[in-house]
Protein chains: 2
Amino acid sequence: MNVTGHTRSPASIRDVAAAAGVSYQTVSRVINGHPSVKPSTRERVLAAIDELGFRRSATALALASGRTRAVTVLTANTTHYGYASILQGVEEAARAASYAVGISVLESADEAAVAAEVQRAADAGGGLIVIAYDPAGVRALDAVPAEVPVVGVVETPASPPGENRPWVWTDDREAAYEATRHLLSLGHETVHYVAIPSSTRRTSARTGGWRQALKEAGAPQPRPVQGSWGPAGGHAAGRKLAKDPAVTAVLCGNDDLALGVLRALHEAGRPVPGEVSVAGFDDAPHSAYLTPSLTTVRLDFTGLGRSAFALLHGVLEESAQVAPHPVSVPELVVRESSGPPPS
Amino acid sequence: MNVTGHTRSPASIRDVAAAAGVSYQTVSRVINGHPSVKPSTRERVLAAIDELGFRRSATALALASGRTRAVTVLTANTTHYGYASILQGVEEAARAASYAVGISVLESADEAAVAAEVQRAADAGGGLIVIAYDPAGVRALDAVPAEVPVVGVVETPASPPGENRPWVWTDDREAAYEATRHLLSLGHETVHYVAIPSSTRRTSARTGGWRQALKEAGAPQPRPVQGSWGPAGGHAAGRKLAKDPAVTAVLCGNDDLALGVLRALHEAGRPVPGEVSVAGFDDAPHSAYLTPSLTTVRLDFTGLGRSAFALLHGVLEESAQVAPHPVSVPELVVRESSGPPPS
DNA sequence: GCTCCTTGTGTGACCGGTCACATTCATGCG
DNA sequence: CGCATGAATGTGACCGGTCACACAAGGAGC
């Protein structure tokens with residue numbers, strides 16, 4: 001209750017010890033739930049803790065024991081839906097485990113800048129979660145010193161981080177495959193693809209899944225159109241595609257890109273889905289409310305973030321509740337933007 | 001270079017001191033740029049630092065000196081555009097100042113839950129930035145203990161936090177006023193309003209600005225429709241408004257809400273802007289690419305985040321670069337979704 | 001009765017830095 | 001020449017916890 005008033009500098013365990021008439025070590029035992037403390041003593045200590053408003057200093061704990069109970073998320077972006085959702089998932093899980101969450105943004109993909117940022121993040125102590133969906137993130141994952149515990153959120157298990165480190169992923173390849181199959185099954189001769197910037201030199205998982213579906217169907221394989229992350233990139237790509245009357249189906253690397261494509265098609269006077277079908281990726285919250293509403297593939301980013309934390313938590317504490325990977329299955333959501341090709 | 005190999009536990013200043021043949025205090029002086037160190041000594045120490053790969057422990061620094069060089073952002077949400085952008089601004093500014101950024105989400109607006117979360121955030125040391133645009137945030141701001149440095153990001157300067165604490169804000173009132181005036185100037189008899197959940201018992205700043213514009217114009221003042229934060233809430237509100245043929249102009253508390261309203265109007269067969277004009281709030285990245293593209297008011301959330309950090313930074317270090325409040329002016333962006341009423 | 005183990009508690013060192021003060025040596029100046 | 005002054009460096013305590021170990025009291029086993 002701290003009726004006594006002025007709590008200048010917050011009480012330390014020695015203050016509590018003095019108030020309870022025990023040694024500081026006994027106080028430490030009480031706050032750590034050590035078994036061999038006489039109940040009456042424990043009671044007294046707890047009373048003192050309550051009265052003095054004692055709160056154990058996270059800093060001192062970290063210094064003395066090495067346990068930091070903190071994770072830092074390294075990411076190139078915090079506003080895009082997928083990234084923000086992963087972050088949210090990490091935060092949820094971390095909060096449940098009483099971990100602090102730090103965030104560190106990779107502003108530039110420049111090698112040196114990334115390395116510096118990784119260093120800063122590592123200095124914060126605790127573990128790292130690196131979102132490696134883009135070049136900056138991939139570089140960051142590579143730059144993490146070997147002794148720092150880290151979990152990567154990667155695009156695909158086919159491109160594992162350099163060393164033997166844990167990572168989580170959504171099955172983007174499968175998701176892209178599904179979406180492409182859907183469009184083909186509607187009768188489209190082929191499906192064009194507007195890509196997000198690739199995280200690797202090689203083709204991305206999404207591109208791979210798309211290509212595989214085309215191949216299996218024996219459909220022509222057009223060159224992917226390079227987009228960016230946002231609607232502006234989609235718009236630019238869409239303008240090119242809109243000019244080609246042969247284009248009847250477009251798969252986009254994410255929903256923002258799809259939005260830009262939708263807009264470009266509208267401006268070009270090509271109705272969706274009457275003339276052209278469009279599908280997105282991620283199922284962002286607004287996609288269901290667009291006109292036409294967007295066919296897309298839903299990915300469980302929040303769950304991905306939770307898994308990433310769980311994994312890291314297991315590495316940091318040997319109380320390794322390494323929950324079996326509940327890799328969620330991507331789910332195709334069919335809406336108005338996809339339909340049969342014009343006859 | 002650390003050619004010697006195995007850096008087991010990271011080097012401490014005493015290790016560096018031993019390697020350089022000086023005392024640990026001298027090492028401390030070097031890393032802190034203290035003037036009275038002989039250049040030749042400094043040189044030697046720096047060489048040792050480099051060789052051992054020494055990095056000063058943030059934890060030890062925090063414990064010994066009290067300076068934490070960290071801020072924690074308390075927010076009810078991380079995915080909505082406005083919130084995410086504020087966070088991004090904070091992070092940018094913090095990174096530039098070599099501060100670590102923590103994030104802590106208020107999952108529930110429940111009094112006790114909020115208090116617990118605030119405590120956890122305060123324990124992390126450093127300062128707090130509370131985004132108080134919603135009930136949970138407002139409660140959090142109230143719950144911050146007096147001795148903890150905090151800056152609030154509030155809806156309006158007219159409702160200051162309880163005590164005498166610094167805060168930043170966007171001029172939401174002015175922004176809503178502008179947007180409403182715009183719609184009225186097009187010839188609409190009045191403007192309906194779909195509100196975001198209010199942060200206070202009293203009417204929000206946005207609601208206030210809207211109302212004032214109506215009043216000055218002598219227009220009828222319809223009851224605001226209560227929305228939520230996302231498109232789903234806008235959709236529900238839009239369905240009600242669509243039924244009323246008298247409704248020709250709708251202002252929405254944010255762009256997501258506007259998206260839902262747009263969709264509802266479309267479903268009801270009421271063309272925008274032919275029959276109904278719609279305006280949003282925030283200028284989210286996708287708003288420019290909607291069909292019809294959305295008239296909205298752009299607010300500089302990123303700048304707001306930067307200001308919040310700058311202010312907090314000033315409080316934390318007396319090197320108070322309390323940059324003069326560069327409160328950005330909200331900017332009306334007129335696009336396709338607003339036009340004259342049907343004649 | 002003595003050792004031995006268990007339970008409950010206290011002591012000192014330590015984590016990796018900072019801070020206040022002491023010390024040494026070379027100067028400047030009366 | 002003696003002493004105050006300042007530059008350059010070292011020493012010990014401290015921040016608020018934890019850890020390893022010592023120690024006293026009480027009961028079981030011989």
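All chains are named by letter (A, B, ...) in the order of the sequence lines, taking the proteins before the strands, and each is independently numbered beginning at 1.
- Identified under the side chain to side chain donor-acceptor pair (under 3.5 Å) test for residues 64-76 of chain A, with sequence neighbours left out: A:R69-A:E317.
- Put simply, the side chain of A:D50 never gets that close to the backbone of A:L46: no donor and acceptor are under 3.5 Å apart.
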Can you tabulate the close N/O pairs, meaning under 3.5 Å, that link protein atoms to atoms of nucleotides 25-27 of chain D?
none

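- A search for salt bridge (charged side-chain N to carboxylate O under 4.0 Å, His left out) contacts involving A:D300 returns nothing, not counting sequence neighbours.
- Among pairs with a residue in residues 100-118 of chain A, those fulfilling side chain to side chain donor-acceptor pair (under 3.5 Å) read A:S104-A:E117, A:E107-B:R95, A:E111-A:R139, at least two apart in sequence or across chains.
- The closest donor-acceptor contact from the side chain of B:R14 to the backbone of B:Y24 lies at 3.5 Å or more, if one exists at all.
- The side-chain hydrogen bond (donor to acceptor under 3.5 Å, both in side chains) test applied to B:T78 returns no partner, not counting sequence neighbours.
- In this structure, the salt bridge (charged side-chain N to carboxylate O under 4.0 Å, His left out) partners of A:R55, at least two apart in sequence or on a different chain, are B:D123.
- A heavy-atom distance below 4.0 Å to DNA chain D is reached by none of the residues of residues 120-128 of chain A.
- By the side-chain hydrogen bond (donor to acceptor under 3.5 Å, both in side chains) test, B:S40 pairs with no residue at all, sequence neighbours left out.
- Two end axes, each from the C1' atoms of five base pairs, can be drawn for the helix from C:dG1-D:dC30 to C:dG30-D:dC1; they diverge by 60°, to 10 degrees.
- Considering only residues two or more places apart in sequence or on other chains, A:Y81 meets the side chain to side chain contact (heavy atoms under 4.5 Å, CB included) condition with A:S85, A:D282, A:A284, A:P285, A:F301.
- The two atoms that bring A:I129 and A:L312 nearest to each other are CG1-CD2, 3.7 Å, heavy atoms only.
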Can you check each nucleotide of nucleotides 9-20 of chain C against protein heavy atoms at under 4.0 Å and return B for base, S for sugar-phosphate only, - for none, in 5' to 3' order?
BBBB--BBBBBB
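- When atom types are taken as modelled, the side chain of B:E92 and the backbone of B:R306 share no donor-acceptor pair closer than 3.5 angstrom.
- B:Y99 pairs by the ring pair (Phe, Tyr, Trp, His ring centres under 6.0 Å) definition with B:F309, B:H313, not counting sequence neighbours.
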